[in-house]
Amino acid sequence: MIFSIQQHERNIFELIGKCAREVNAPAYVVGGYVRDRLLGRPTKDIDVVCVGDGIVLAEKVASKLYPSPKVVVYKRFGTAMLRHEGNEIEFVGARRESYHADSRKPDVEAGTLEDDQNRRDFTINALAVSLNEGTFGQIIDPFGGLEHLERKIIKTPLEPGQTFSDDPLRMLRAIRFANQLGFSIEKKTFEGIHKYRNRLNIISKERIAGEVEKILMCPQPSIGFNLLYDSGLLQLFL
């Protein structure tokens with residue numbers, strides 16, 4: 001399937017693709033931007049994953065824009081961000097992650113696009129669009145995310161226990177996305193939230209509060225709070 005790219009997007013995406021060829025780092029748009037565009041929701045945040053050095057790619061792209069935007073580099077995370085025509089574009093190298101039982105902060109090493117999609121929280125956020133010559137606009141969907149968008153389902157790409165154990169904040173994100181998008185949480189995924197709910201104890205109060213605030217901003221936050229209660233998460237932090 002080919003992703004429908006509007007002309008103002010095509011210009012910057014083609015430039016990113018050209019720069020990716022120059023630095024030998026195949027590039028893809030991934031995550032929330034792809035999801036929201038397919039759902040017809042407005043979005044200004046663009047995440048670009050490259051199989052290579054994301055900071056080098058960001059600097060190459062900035063050097064070809066006029067006026068050249070400032071590149072903000074987060075060396076600790078291996079990411080870089082620039083702003084262009086109202087969009088915030090973040091670049092990162094594809095990576096593989098491994099976690100310790102007492103932390104949601106992973107050990108990171110360079111990986112493939114497949115590794116990067118495996119580490120995503122939900123299938124609808126694991127969708128990627130190629131910016132590369134020969135496959136430009138092609139959607140890479142290894143977990144059935146397009147079908148889940150159609151069916152309005154939140155589902156983890158891997159076994160729920162692994163996804164939620166690695167980063168327990170994803171349990172709150174599942175409920176927040178279900179509330180925001182009007183989706184339902186797939187049965188095994190919801191059972192996983194309930195089973196691994198006590199992993200939430202390693203998450204900071206600030207990160208929990210951030211997700212709860214987003215639920216409160218939904219048109220009908222009671223949907224999210226009912227899911228929080230039924231999953232057993234609400235009782236852990238309220």
Side-chain angles (χ1 to χ4, degrees), residues 30-36 38-39 41 43 45 47 77 95-108 114-127 141-238:
V30 298
Y33 181 84
V34 180
R35 177 200 69 226
D36 286 342
L38 288 168
L39 289 173
R41 301 176 80 228
T43 180
D45 296 331
D47 291 327
F77 302 104
R95 60 196 198 220
R96 182 187 298 118
E97 296 178 344
S98 57
Y99 291 79
H100 302 283
D102 59 349
S103 174
R104 66 180 291 266
K105 294 176 182 175
D107 294 326
V108 176
E114 182 182 5
D115 290 327
D116 205 88
Q117 289 177 296
N118 284 341
R119 73 177 182 82
R120 301 279 160 176
D121 50 7
F122 308 111
T123 60
I124 61 173
N125 293 336
L127 294 162
D141 177 21
F143 304 112
L146 289 170
E147 178 192 350
H148 298 151
L149 280 178
E150 285 281 333
R151 293 170 55 198
K152 299 187 174 182
I153 289 173
I154 304 294
K155 184 179 186 299
T156 57
L158 305 179
E159 196 274 322
Q162 180 176 342
T163 297
F164 295 142
S165 249
D166 284 350
D167 184 354
L169 190 68
R170 291 167 175 166
M171 297 186 286
L172 288 176
R173 283 169 58 83
I175 290 171
R176 188 248 296 179
F177 280 126
N179 202 166
Q180 281 181 332
L181 302 176
F183 282 24
S184 60
I185 301 174
E186 182 258 349
K187 185 173 183 287
K188 272 187 66 177
T189 299
F190 193 75
E191 288 172 352
I193 294 173
H194 184 266
K195 181 176 180 180
Y196 293 92
R197 64 191 183 280
N198 288 318
R199 290 282 293 148
L200 196 69
N201 292 324
I202 70 168
I203 302 296
S204 72
K205 294 180 176 67
E206 291 79 10
R207 298 307 298 267
I208 292 171
E211 290 298 323
V212 173
E213 285 169 3
K214 290 173 184 175
I215 291 171
L216 286 167
M217 292 169 67
C218 293
Q220 194 175 344
S222 59
I223 293 170
F225 275 82
N226 282 327
L227 289 171
L228 287 171
Y229 180 80
D230 291 343
S231 66
L233 291 175
L234 190 68
Q235 296 88 321
L236 291 177
F237 65 80
L238 191 61

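Bear in mind that the values here come from a model prediction, so they are computed numbers and not experimental data. Computed over heavy atoms, backbone and side chain alike; hydrogens, waters and symmetry mates excluded.
- In this structure, the separation between CD1 on Ile215 and CD on Gln220 is 13.0 Å, given to the nearest 0.5 Å.
- Taking the salt bridge (Lys or Arg N to Asp or Glu O under 4.0 Å) definition, one finds that Glu213 meets it with nothing, sequence neighbours left out.
- Remark: Leu216 pairs with Val212, Phe225 by the side-chain contact (heavy atoms from CB on, under 4.5 Å) rule, at least two apart or across chains.
- The side-chain contact (heavy atoms from CB on, under 4.5 Å) check on Asp47 picks up Val30, Glu90, with sequence neighbours excluded.
- In this structure Arg120 satisfies the salt bridge (Lys or Arg N to Asp or Glu O under 4.0 Å) test together with Asp116, sequence neighbours excluded.
- Within the model, atoms CG of Leu149 and CZ of Arg35 stand 8.5 Å from one another, a figure rounded to the nearest 0.5 Å.
- Scored by the side-chain contact (heavy atoms from CB on, under 4.5 Å) test, Asp230 finds Phe190 as partners (sequence neighbours excluded).
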Using salt bridge (Lys or Arg N to Asp or Glu O under 4.0 Å), reason through Arg151 and Glu147 one step at a time and then give a plain yes or no. CA-CA 6 Å; Arg151 293 170 55 198; Glu147 178 192 350; 2.9 Å; yes
Walk me through it: do Ile124 and Leu181 pass the test side-chain contact (heavy atoms from CB on, under 4.5 Å)? CA-CA 11 Å; Ile124 61 173; Leu181 302 176; 4.0 Å; yes
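- Interatomic distance, Ile203 CD1 to Leu172 CG, rounded to the nearest 0.5 Å: 8.0 Å.
- Every residue was checked against the side chain to side chain donor-acceptor pair (under 3.5 Å) condition with Tyr196, not counting sequence neighbours, and none meets it.
- The distance from atom CD of Glu150 to atom CG of Leu39, rounded to the nearest 0.5 Å, is 9.5 Å.
- Listed by chain and residue number, Arg41 satisfy the salt bridge (Lys or Arg N to Asp or Glu O under 4.0 Å) test with Asp36 (two or more places apart in sequence, or in another chain).
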Expected list for residues 152-162: side-chain donor-acceptor pairs under 3.5 angstrom, two or more places apart:
| residue | atom | partner | partner atom | Å |
| --- | --- | --- | --- | --- |
| Thr156 | OG1 | Leu158 | O | 2.7 |
| Glu159 | OE1 | Gly161 | N | 2.9 |
| Glu159 | OE1 | Gln162 | N | 3.2 |
| Glu159 | OE2 | Gly161 | N | 3.2 |

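- In this structure, the separation between CZ on Phe122 and CD on Glu186 is 11.5 Å, given to the nearest 0.5 Å.
- Residues meeting the salt bridge (Lys or Arg N to Asp or Glu O under 4.0 Å) test with Lys187, sequence neighbours left out: Glu191.
- Here Glu114 pairs with nothing under the side chain to side chain donor-acceptor pair (under 3.5 Å) rule; sequence neighbours left out.
- Gln235 pairs by the side-chain contact (heavy atoms from CB on, under 4.5 Å) definition with Tyr229, not counting sequence neighbours.
- Looking only at side-chain heavy atoms (C-beta outward), Phe237 and Leu200 come within less than 4.5 Å of each other.
- Checked by atom type and distance alone, the side chain of Asn201 pairs as donor or acceptor with a backbone atom of Asn198 at under 3.5 Å.
- The side chain to side chain donor-acceptor pair (under 3.5 Å) test applied to Asp121 returns Asn125, Arg173, not counting sequence neighbours.
- Put simply, the side chain of Ser231 gets close to the backbone of Leu227: a donor and an acceptor are under 3.5 Å apart.
- The heavy-atom pair separating Arg207 from Leu169 by the smallest distance is NH2-CD2, 3.6 Å.
- Between Asp141 and Thr123, the closest side-chain pair of non-hydrogen atoms is not below 4.5 Å.
- Of all non-hydrogen atoms in Thr189 and Ile185, the two that sit nearest each other are CG2-CG2, 3.8 Å.
- For the atom pair CD1 (Ile202) and OG (Ser165), the distance works out to 8.5 Å, reported to the nearest 0.5 Å.
- A donor-acceptor contact shorter than 3.5 Å is absent between the side chain of Arg199 and the backbone of Phe164.
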